[in-house]
Amino acid sequence: MISFIAQRIAKAIVVLLALVVMNFFLIRMAPGDPAVVMAGEAGAGDQLFIAQLREKFGLDQPLPVQLFLYVKGILSLDLGFSFRQQMPVSKLILDRLPATLLLTGTAFAISLAFGILFGALAARFAGTWADTAITVAALIFYATPLFWVALMAILLFSVTMDWLPSFGYETVGAGYTGLAHVLDVAAHLILPATTIGLFFMATYARMTRASMLEVSRLDFVKTARAKGLSDAVIQRRHVLRNALLPVVTLAGLQAGTLVGGAVLTETVFAWPGIGRLMYEALLQRDYNLLLGVFVVCSAMVLAFNLITDLVYRSVDPRIEFAA
Amino acid sequence: MSKRKILMSFAAMCMLSTAAVAEGPKAGGVVNAVIQPEPPSLMVGLVQNGPTQMVAGNIYEGLLRYSPKLDPLPGLAESWSISEDAKVYTFKLVKGVTWHDGKPFTSADVLFSIEFLKQTHARARGNLVQLDKVEAPDDSTVVFTLKQPFGPFIGIFEVGSLPMIPKHIYEGTDFKTNPANNTPVGTGPFMFREWQKGSFIRLVKNPNYHVKGKPNIDEIYWHVIPDAAARSVAYETGKVDVLPGGSVENFDVPRLSKLKNTCVTGTGWEFFSPHSWLWLNNRSGPTANKKFRQALMFAIDRNMAKDVVWNGLGKIATGPSGSAIKYYTSAVPKYDYDPAKAKALLKEAGYKGEKVRMLPLPYGETWQRWAEMVRQNLQDVGINVEMIATDVPGWNQKVSEWDYDIAFTYLYQYGDPALGVGRNYVSSQIAKGSPFNNVEGYSNPEIDKLFADGAVAFPDKAREEIYAKAQKILVEDVPVAWMLELQFPTITRCSVKNLITTGIGVNDGFRDAWIEK
């Protein structure tokens, strides 16, 4: 198992480097560069000003030189400097990463727990009104755009009922500490986390339901039933456990997108996370920062793929490790 | 004006604070405001984008401030005089002013700031082009000597155009990488305290501020809320009290204005006078033809755009100068909405349905809708319009490389035609790679001469005549299609008093504001 992990990590590094090079060129293929954007925001800029900015950003160097310097930096774990924000990229990302992980991690946990629960219930009571209700709800949340759900949630819970805060990570200026601070952040977390959670919950519920119905028709379930096991035990031990593999696959894929996947929600709820950082970096052509976020996201995806493989093995011992 | 005397400007100051006198400003309180987008830095000597100026106007100060009529008011300079020949400007600085770190502010800082800004501030560099030398005979006197009279010179000392930079922090360092850039130090009414990137910027009262009894407010929080709808909601739910101009989409303004305890004002933009127009490519394509350009002016229903897209806010632009800035004249050819006339002109121009590429300004829905409306107007008279979608960097690039036929934009005018108008029409400003010069490629030796003369003409009467002539020629030539003098309303709780007192509005900081409890 150790050698499996070592091999996978080695492969991951190669993939990551290839991604860095690819992203490097992709970003530069977009029209516009950071110097002109900054001059544009300043509302004035002569040739000297733009030339100065280009030099500062290193954009006056030939492309291969820029690439060489960037890859060299990455290899020494240096993500570079954001000239626009006047800060090292790694600091900018590390400042914002916890907020995103808190948001998407909570959403992930909510969606997985409730998704599997509702999916299992729907399968257990297939064909009844409960099944129909769950399936329809899942379909609605799956099909509705996230930002719309977010805005409706704000309208209902913040504007009309005034129960939950509509934006931000904490109450600014309140100076809460300890438990009060935790509760304050939690209150701010509810709306955005639920918004993202509902979408993923819907996919997990549908996947769990379909998979369980399929497994419950297999021979070993009939055997179990013939042995006289109770229905609850059959559903839990034999059907659900075997039906979870595809759900794990899906969850693994989605876990990889946890970091970058919350752009819209973070924007609508003014959540100070990395999705917004990435979006703003893109709009400002802040190349180093954007590449930095891409590198972190890619590393996360690769890491979660590895974790998913390990989880497979514990869910289904028949699966063996092979790199 | 043949002779200018020392202006102590007390009269102007009293005028501005009448409201305050009537009710008596109260000390204390916290103001929550919106800042959009998040500024990249608060060091206004290095970064001049809108949000930076808005927050930094509380931290830094200029030598002068400007009334809504653009008359100079005391700032860090308590008085000033201009020599008879209009070449020597002498400023007396307020005594006893200190930087936020306690060091005294002196004339040496002023000299240093001029050198600093010449290197880093594109607009200041242009404004100072007529400056021959600047000297400091003593700690509280600064003397600017010009190469020749330069009419707009008295108008360049506001905090965004010529902020004072602390010499003791920046001298001998690499300005752009100085770590102090992240903890700005100025002389202003508020001091920088905290910046949680992505969430908020916090400023606190400067207890040693040089104007006695100011500021009244204890703290300002600038909240970073990236979504326009979320910004309206933040105001509606009482989480923020101040929405500076442009923070919400225009179609939300009427709804928010009707909320209880809400005050709306369009003032505070006189100095900038954002002027919007369509950049027409004068080099090639149908827009190179003057008759075609005139046809565009007749084809576009600007009144309807004002009423529908901008909710009646703003004013129809009549030419290159906005009505709030100096030497504006309305005695120019008129282009009222007249599709029949537009069609006739198109025929005369020999237009045969060639495709015309139009770039909307990617600054949100209001601008998108405006572009759609103009496209409709142009299609109605038979112009074949293709709309090009871009994001902001893409827009910048296309415009600065002249890769368009019609492009939406708006530019600030900075109170004087020599500062914010001429740059768009004189041929020396034609240069690829920048979106703030003569992008349309208009070149007319007569106009070049008029703007060159206008900047240095003396006295003011001579300037007035020159600019009247220039405006007339330009409106006849239609190098660009002028649309609206934009108005960005500032929305506040009515309990926030005396917030906007000068011609640069919220950008001048919250030094005079107070909260009614």
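Quick caveat: nothing in here was measured; it's all calculated off a predicted structure. Letters A, B, ... are given to chains in the order of the sequence lines, protein chains preceding strands, and every chain is numbered from 1.
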How about Val392(B) and Leu283(A): do any of their side-chain heavy atoms sit closer than 4.5 Å?
no

Closest approach of Gly198(B) and Arg276(A), non-hydrogen atoms and distance?
O-NH2, 2.9 Å

Nearest atoms (heavy-atom pairs only) where Leu282(A) meets Pro393(B):
O-CG, 4.5 Å

Any residues in residues 166-183 of chain A near chain B, with a heavy-atom distance under 4.5 Å, and which are they?
Ser166(A), Phe167(A), Val172(A), Gly173(A)

Are more than 12 heavy atoms, taken from residues, nucleotides or ligands other than Met29(A), located less than 6.0 Å from that residue's CE atom?
no

Can you tell me how far apart CG (Leu155(A)) and CD (Glu236(B)) are? Round to the nearest 0.5 Å.
8.0 Å

If you draw a 6.0 Å radius around CZ in Phe199(A), do more than 12 non-hydrogen atoms from other residues or ligands fall strictly inside?
yes

Tyr279(A), OH: over 12 other non-hydrogen atoms inside 6.0 angstrom:
no

Under 4.5 Å from any heavy atom of chain B, what part of Gln85(A) do you find: side chain, backbone, both or neither?
both

Of all pairs that satisfy salt bridge (charged side-chain N to carboxylate O under 4.0 Å, His left out), the ones with a partner from residues 284-297 of chain A, not counting sequence neighbours
Arg285(A)-Asp391(B)

Distance-minimising heavy-atom pair for Asp227(B) and Thr267(A)
CB-O, 3.5 Å

About how many Å separate CE of Met87(A) and OG of Ser41(B), when rounded to the nearest 0.5 Å?
9.5 Å

Measuring heavy-atom distances to chain A, does Ala229(B) have an atom under 4.5 Å in its side chain, in its backbone, in both, or in neither?
side chain

Please look at His121(B) and chain A and tell me whether the side chain, the backbone, both or neither of the residue comes under 4.5 angstrom of a heavy atom of that chain.
neither

Tell me, side chain or backbone of Lys432(B) under 4.5 Å from chain A's heavy atoms, or both, or neither?
backbone

Given a strict heavy-atom distance threshold of 4.5 Å, which part of Arg125(B) is in contact with chain A: side chain, backbone, both, or neither?
side chain

CZ (Arg193(B)) with more than 12 external heavy atoms under 6.0 Å
no

Which distance, rounded to the nearest 0.5 Å, do you find between the OG1 of Thr177(B) and the CZ of Phe83(A)?
9.5 Å

Nearest 0.5 Å, what's the CD-CD distance between Gln284(A) and Glu38(B)?
9.0 Å

Write down the atom of Pro31(A), the atom of Gln397(B), and the distance for their closest heavy-atom approach.
C-OE1, 3.3 Å

For Pro40(B), is there any backbone N or O sitting under 3.5 Å from a side-chain donor or acceptor partner on Gln86(A)?
no

Quick check on Thr52(B) against chain A: is it the side chain, the backbone, both or neither that has a heavy atom closer than 4.5 Å?
neither

Examine whether an atom of Glu219(B) lies under 4.5 Å from a heavy atom of chain A, and if so say whether it belongs to the side chain, the backbone or both; otherwise answer neither.
neither

Is it the case that atom CZ in Phe251(B) sees more than 12 heavy atoms from other parts of the structure closer than 6.0 Å?
yes

